[in-house]
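This structure is a prediction, so every number in the text was calculated from the model and none was measured. Chain letters run A, B, ... following the sequence lines, proteins first, then strands; residues in each count from 1.
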Protein chains: 2
Amino acid sequence: MSPYTLRYYEREGLIIPQRDKNDRRYYTKQDIGWIGFLLHLKGTGMSMNEIKKYVELRAQGDNTISQRKELLQQVQTNSLSRINEMKMHLEVLNHKIDWYEGKLDHSISEEFADYLKRFE
Amino acid sequence: MSPYTLRYYEREGLIIPQRDKNDRRYYTKQDIGWIGFLLHLKGTGMSMNEIKKYVELRAQGDNTISQRKELLQQVQTNSLSRINEMKMHLEVLNHKIDWYEGKLDHSISEEFADYLKRFE
DNA sequence: TTATTACTTAGAGCGTACTCTAAGTCAAGA
DNA sequence: TCTTGACTTAGAGTACGCTCTAAGTAATAA
């Protein structure tokens with residue numbers, strides 16, 4: 001993670017690092033843990049806006065826990081769908097690669113265009 | 001897929017639709033099949049630049065087949081890595097959701113911060 | 001014949017998530 | 001004391017993938 005990204009996240013209100021007596025930033029273990037968690041959220045495909053929403057809810061305290069949970073569950077559902085979509089698209093890619101193998105082997109192979117029709 | 005996107009792909013050289021006598025576009029079954037395949041490529045996470053590269057190779061004929069196959073294999077590898085990454089990030093999300101369940105149940109639960117340390 | 005409608009083009013604009021620049025401050029080493 | 005270097009800020013710029021606008025043309029309906 002670049003310092004640029006760190007500043008950007010800070011500007012967006014996702015992180016609030018500590019400051020020393022000279023007003024310079026330092027990151028506590030908690031700060032770093034929190035940033036790590038943000039990266040996990042990002043990694044699931046959560047957008048900046050969703051993360052901001054989550055951070056706002058968090059700032060409002062314990063009575064937003066169920067909302068936060070719902071938000072994360074939504075993200076979880078979306079993420080799983082995206083994974084499944086990618087897997088489906090990968091299957092076509094796999095088939096195309098196999099088809100290239102066939103072409104390279106000069107063996108008989110179903111026309112790829114015909115195969116593709118199965119996905120329409 | 002919006003007509004805007006279709007024009008965009010055309011400008012980028014990914015598709016070359018047919019034209020009628022009045023110079024208006026029409027898409028043959030092959031065109032549509034090709035667009036469908038492009039969407040599968042996109043769906044695996046392939047970037048416009050990678051797709052353009054692929055299209056260029058394709059335009060050069062059969063002696064680029066092994067290069068095209070290698071390109072797709074690279075995309076396949078990247079896509080699988082991304083899926084696995086997402087799964088890992090999802091595990092953390094799942095745990096956080098479970099932790100919220102715990103909080104909501106007022107039952108004892110490991111501090112999430114402690115759990116997160118396991119990923120550092 | 002005129003008006004409407006559906007297309008055409010080039011090019012500008014947008015949303016997202018960064019990434020970088022420029023100008024300034026300030027503590028520490030030579 | 002000077003200078004170096006590491007930080008600070010606000011704001012501009014970039015890459016990607018679209019998305020939209022404006023101005024023009026041309027076939028069809030009234």
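- In the 5' to 3' direction, nucleotides of DNA chain D lying under 4.0 Å from heavy atoms of chain A begin and end at D:dA6 to D:dG11.
- Classification of A:Arg19 and A:Glu10 as a salt-bridged pair holds, one side-chain N sitting under 4.0 Å from a carboxylate O.
- With sequence neighbours excluded, no residue forms a salt bridge (charged side-chain N to carboxylate O under 4.0 Å, His left out) with B:Arg68.
- Partners of A:Tyr54 by side-chain hydrogen bond (donor to acceptor under 3.5 Å, both in side chains), not counting sequence neighbours, listed by chain and number: B:Tyr100.
- In this structure a side-chain-to-backbone donor-acceptor pair under 3.5 Å is present from A:Glu50 to A:Ser47.
- Scanning for salt bridge (charged side-chain N to carboxylate O under 4.0 Å, His left out) contacts around A:Lys52 gives A:Glu12, with sequence neighbours left out.
- Checked against side-chain hydrogen bond (donor to acceptor under 3.5 Å, both in side chains), A:His89 has the following partners two or more places apart in sequence or in another chain: B:His40.
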Quiz item: For DNA chain D, what is the dot-bracket line, given that a base pair needs Watson-Crick (N1 to N3, plus N6-O4 or O6-N4) or G-U wobble (N1-O2 and O6-N3) geometry with both distances under 3.5 Å, and | means paired with another strand?
Solution: ||||||||||||||||||||||||||||||
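- Under the rule for a side-chain hydrogen bond (donor to acceptor under 3.5 Å, both in side chains), A:Gln74 has no partner lying at least two apart in sequence or in another chain.
- Here the CG-CD1 distance, from A:Leu6 to A:Ile15, works out to 4.5 Å after rounding to the nearest 0.5 Å.
- With sequence neighbours left out, the side-chain hydrogen bond (donor to acceptor under 3.5 Å, both in side chains) criterion links B:Thr77 to no other residue.
- Applying a 4.0 Å cut-off to non-hydrogen atoms, the residues of residues 3-25 of chain A that approach DNA chain D are A:Arg7, A:Arg11, A:Arg19, A:Asp23, A:Arg24, A:Arg25, listed by residue number.
- Side chain of B:Asn22 to main chain of B:Arg24: no donor-acceptor pair is present (N/O by atom type, distance under 3.5 Å, no hydrogens or angles).
- Taking the side chain to side chain contact (heavy atoms under 4.5 Å, CB included) definition, one finds that B:Arg82 meets it with A:Met86, B:Asn78, sequence neighbours left out.
- With sequence neighbours left out, B:Thr28 forms a side chain to side chain contact (heavy atoms under 4.5 Å, CB included) with B:Gln18, B:Tyr26, B:Gln30, B:Asp31.
- For the contact set between residues 79-91 of chain A and DNA chain C, defined by any heavy atom under 4.0 Å, there are no members.
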